[in-house]
Trainee: 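I'd like to ask you about the structure that follows.
So that the names make sense, note that chain A is the first sequence line, chain B the second, and so on, each numbered from 1. Treat the numbers as computed from the prediction; the structure is a model and nothing was measured.
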Amino acid sequence: MNLFRLVADLMHLVSIFILLLKMQKTRSVAGRCSRISFKTQALYATVFLTRYTDLFANFQSLYNTTMKVFFIASSLYIVFLMKFKFKATNDPRLDTFKAQYVVGGAAALALIVNYAFTVQEVLWTFSIYLEAVAILPQLFMLTKTGEAEVITTHYLFALGTYRGLYLVNWIYRYWTEYYVDWIVWIAGAVQTGLYCDFFYIYFTKVLKGAKFELP
Amino acid sequence: PRQRIKKDEL
């Protein structure tokens, strides 16, 4: 464990807490749309469920296991909240990204490009590829509405920072322990790249107190 | 050198 990875994981936790806060806040304003993509959240739940199939077989550390359990539980909880409890705040008319294509694409690629052709490995690889593109429905929703609330932008910023720090962590690990993981690296680079546009607007507008609006 | 993937990340 290094500082980059630790802070990255903590930012991931922060993003989840921001999301829960945001949903709680949206519910208190009757009839309002949350503008959180249900599809993105459902994809994240799928990512965690397919990645941590080694939860009981592969023990790394108490930290590792606790985080895995938290990510699985919180992602399922968020999906549950959006689907049942806060259903009214969720507007499917804005959430129109064709998620089935990225699920199909990730599944096909996982069957072709993987480290070993076993059920667990293919599921793990699928989760890596799917995570890389899971934010797309949310970003697509953002471009559709053309603007975002501050709390939503903080959520995306926390997620983007978590991914960016993982890139730094991999460079650090390569030099210090000759750690290599091509599948994770390439998928991670793609995933971080998706946040570039968002980061640009976040830094030039939101941090200066302006509203998040697309040009 | 080829190293086995550790899978110690989240």
Side-chain angles (χ1 to χ4, degrees), chain A residues 1-2 4-13 16 44 47-48 51-55 57-61 63-72 74-75 114-116 120-121 123-125 127-128 131 162-163 165-167 169-170 172-174 177-185 187-188, chain B:
Chain A
M1 177 60 79
N2 57 65
F4 304 113
R5 185 145 62 106
L6 181 66
V7 177
D9 288 343
L10 293 180
M11 286 305 273
H12 197 178
L13 286 185
I16 291 168
Y44 279 138
V47 164
F48 294 131
R51 181 169 311 167
Y52 301 147
T53 53
D54 64 351
L55 184 63
N58 172 18
F59 182 80
Q60 295 283 344
S61 62
Y63 169 84
N64 186 275
T65 305
T66 312
M67 293 289 261
K68 284 176 176 174
V69 171
F70 177 80
F71 287 137
I72 293 175
S74 62
S75 65
N114 52 52
Y115 291 131
Q120 197 176 47
E121 271 303 311
L123 281 177
W124 177 83
T125 316
S127 83
I128 297 291
E131 187 189 353
Y162 141 65
R163 292 316 310 178
L165 284 171
Y166 254 90
L167 290 185
N169 153 65
W170 294 326
Y172 179 83
R173 291 191 79 181
Y174 177 79
E177 50 183 296
Y178 205 78
Y179 171 86
V180 178
D181 192 336
W182 282 107
I183 287 181
V184 167
W185 286 357
Chain B
R2 194 174 151 82
Q3 197 187 45
R4 220 181 76 84
I5 303 299
K6 281 185 192 161
K7 295 226 179 119
D8 57 351
E9 294 187 343
L10 292 160

Trainee: Of all residues at least two apart in sequence or in a different chain, which pass the ring pair (Phe, Tyr, Trp, His ring centres under 6.0 Å) check with A/Tyr63?
Mentor: none

Trainee: Where on A/Asp9 is there a heavy atom nearer than 4.5 Å to chain B: the side chain, the backbone, both, or neither?
Mentor: side chain

Trainee: Locate the shortest heavy-atom distance separating A/Asn64 from B/Asp8; write the atom from each residue and the value.
Mentor: ND2-O, 3.2 Å

Trainee: What distance do A/Asn58 atom CG and B/Lys7 atom NZ have between them, rounded to the nearest 0.5 Å?
Mentor: 8.0 Å

Trainee: Which atom pair, heavy atoms only, marks the closest approach of B/Leu10 to A/Phe71?
Mentor: CD1-CE1, 4.1 Å

Trainee: When you check the gap from the basic side-chain N to the acidic O, do A/Arg51 and B/Glu9 get nearer than 4.0 Å?
Mentor: no

Trainee: Going by the rule side chain to side chain contact (heavy atoms under 4.5 Å, CB included), which residues pair with A/Phe70 if we only count those two or more places apart in sequence or in a different chain?
Mentor: A/Leu13, A/Ile16, A/Phe17, A/Ser74

Trainee: When heavy-atom pairs shorter than 4.5 Å are enumerated against chain B, which of A/Arg5, A/Met67, A/Lys68 gives the highest number?
Mentor: A/Arg5

